Asks: 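Would you mind keeping the following structure in view while I ask a few things?
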2 protein chains.
Amino acid sequence: MEKKQLFGLCPYVTSQKVLTGKWSMYIMYLLKDAPVRFNELQRRMPENMTHTTLSRQLKALEKDDLIVRRVYSEIPPKVEYELSEIGHKFEKVLAELEVWGNEYIEYLKKRDKENPVLDDREGY
Amino acid sequence: MEKKQLFGLCPYVTSQKVLTGKWSMYIMYLLKDAPVRFNELQRRMPENMTHTTLSRQLKALEKDDLIVRRVYSEIPPKVEYELSEIGHKFEKVLAELEVWGNEYIEYLKKRDKENPVLDDREGY
DNA sequence: CGGAATCCAGACTGATACTG
DNA sequence: CAGTATCAGTCTGGATTCCG
């Protein structure tokens, strides 16, 4: 009881809570076609993100039931991650997000070309 | 020069950076139909979020060119916020996100009903 | 191989107070 | 009305180290 109830059942707020992790959407993108093993996932992440961080993000996504962790009892150990059912439904959002993200990147490039100077803006 | 370049031009990573702010998507949702004034925006935000926080979020969104700040030189002052052009293009993502968010909320309700006990999970 | 535990540094948040 | 400044508390990612 006494759960943190941020803003009763608003889909935007609830979604944003889930997507808080810095890499959550990218991880879901990597998992959308097939299960991926831990180390393979790490290799595909930007900047060779440390496994500590990746591990935490995966655990968070698992807690929220967006991904499923599947352990194979072998030597050496093998663990695969894949999207859950509700996680797969998120692919539609990912698709739109990819479209928009690319438009936005184009927009930023244009903006920076026209206005290359006064930039304390962040990169992309 | 020397901008922070997180992961060259990946739409997911770029998008997530923009959406970092805890309320960014909700703000964009509130602005999607028409311009809204500062105080009105604050009233519609969850939990009467402080204007300090709202101000910062708006400034961040403005810096990223997702929203436009329009100042009317009147007494008393009047400032309206609205989506920019690239901001409006984000509405498609918002639409999918709303669908998914509601599905997800339903999923969580069902999960918690079937399994009301072992919960250190967060609310929604 | 796939983690958990710990610690640190930087970012974000919010309360409070002040301004034009 | 619509902010800004400041400061404290919290949250988070990342590095390092150790474990089954």
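Below, chains carry the letters A, B, ... as their sequence lines are ordered, and counting in each starts from 1. Here the structure is a predicted model, which is why all the values come from computation and not from measurement.
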Asks: Report yes or no: do Gln57(A) and Ser24(A) form a side-chain donor-acceptor pair below 3.5 Å?
Replies: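 Per modelled atom types, Gln57(A) and Ser24(A) side chains form no pair under 3.5 Å.
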Asks: Can you tell me which residue pairs pass the salt bridge (Lys or Arg N to Asp or Glu O under 4.0 Å) test with a partner in residues 68-94 of chain B, sequence neighbours excluded?
Replies: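 Sorted pair list: Arg70(B)-Glu82(B).
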Asks: Please list, chain by chain and in numerical order, all residues satisfying side chain to side chain donor-acceptor pair (under 3.5 Å) with His51(A), sequence neighbours excluded.
Replies: none
Asks: Going 5' to 3' along nucleotides 13-20 of chain C, which nucleotides have protein heavy atoms under 4.0 Å from the base (write B), which only from the sugar-phosphate (write S), and which from neither (write -)?
Replies: BBBBB--B
Asks: Rounded to the Å, how far apart are Leu58(A) CG and dG2(C) C1'?
Replies: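 Taking atom C1' of dG2(C) as the reference, CG of Leu58(A) is at 11 Å.
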Asks: Can you tell me the distance, in whole Å, between the NZ atom of Lys63(B) and the C1' atom of dA11(C)?
Replies: 12 Å
Asks: For Glu103(B), give me all partners under salt bridge (charged side-chain N to carboxylate O under 4.0 Å, His left out), at least two apart in sequence or on another chain.
Replies: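 Testing Glu103(B) for salt bridge (charged side-chain N to carboxylate O under 4.0 Å, His left out), a comparison that skips the adjacent residues, returns none.
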Asks: Please state how far atom NZ in Lys17(B) lies from atom P in dG13(D), giving the value in whole angstrom units.
Replies: 15 Å
Asks: The helix from dC1(C)-dG20(D) to dG20(C)-dC1(D): angle between its terminal axes, five pairs each, to 10°?
Replies: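 Comparing the first five pairs with the last five, the axes sit 50° apart.
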Asks: Restricting to side chain to side chain donor-acceptor pair (under 3.5 Å), what partner residues turn up for Thr52(A), sequence neighbours left out?
Replies: none
Asks: Which residues pass the side chain to side chain donor-acceptor pair (under 3.5 Å) test with Glu98(B), not counting sequence neighbours?
Replies: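 With sequence neighbours excluded, Glu98(B) shows a side chain to side chain donor-acceptor pair (under 3.5 Å) to Tyr12(A), given in chain and number order.
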Asks: Whole Å only: how far is the CG atom of Leu54(B) from the P atom of dC1(D)?
Replies: 14 Å
Asks: Lys78(A) NZ to dG2(C) P: how many Å, rounded?
Replies: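 Going from Lys78(A) (NZ) to dG2(C) (P), I get 9 Å.
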Asks: Distance check needed: dC1(C) P versus Arg37(A) CZ, whole Å only.
Replies: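 After rounding, the gap between these two atoms is 8 Å.
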Asks: With a cut-off of less than 4.0 Å, is there a side-chain N or O of Lys59(A) near OP1 or OP2 of dA4(C)?
Replies: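 Yes, such a contact exists.
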Asks: Sequence neighbours left out, what passes salt bridge (charged side-chain N to carboxylate O under 4.0 Å, His left out) with Glu62(B)? Give chain and number order.
Replies: none
Asks: Report which part of the nucleic acid Tyr81(B) touches: base, sugar-phosphate, or nothing (heavy-atom distance under 4.0 Å, all strands).
Replies: sugar-phosphate
Asks: State the CG-OG1 distance between Asp64(B) and Thr20(B), to the nearest 0.5 angstrom.
Replies: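 Answer rounded to 0.5 Å: 8.5 Å.
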Asks: Within this structure, what is the CD-to-P distance between Glu74(B) and dG3(D), rounded to whole angstrom?
Replies: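 Distance check: Glu74(B) CD to dG3(D) P gives 13 Å.
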Asks: Report the residues that fulfil side chain to side chain donor-acceptor pair (under 3.5 Å) with Glu40(A), sequence neighbours left out, ordered by chain and then residue number.
Replies: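 For Glu40(A), the residues satisfying side chain to side chain donor-acceptor pair (under 3.5 Å) (neighbours in sequence not counted) are Arg43(A), Arg44(A).
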Asks: Could you give the CD-to-P distance, from Glu40(B) to dC1(D), as a whole number of Å?
Replies: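 Answer to the nearest Å: 11 Å.
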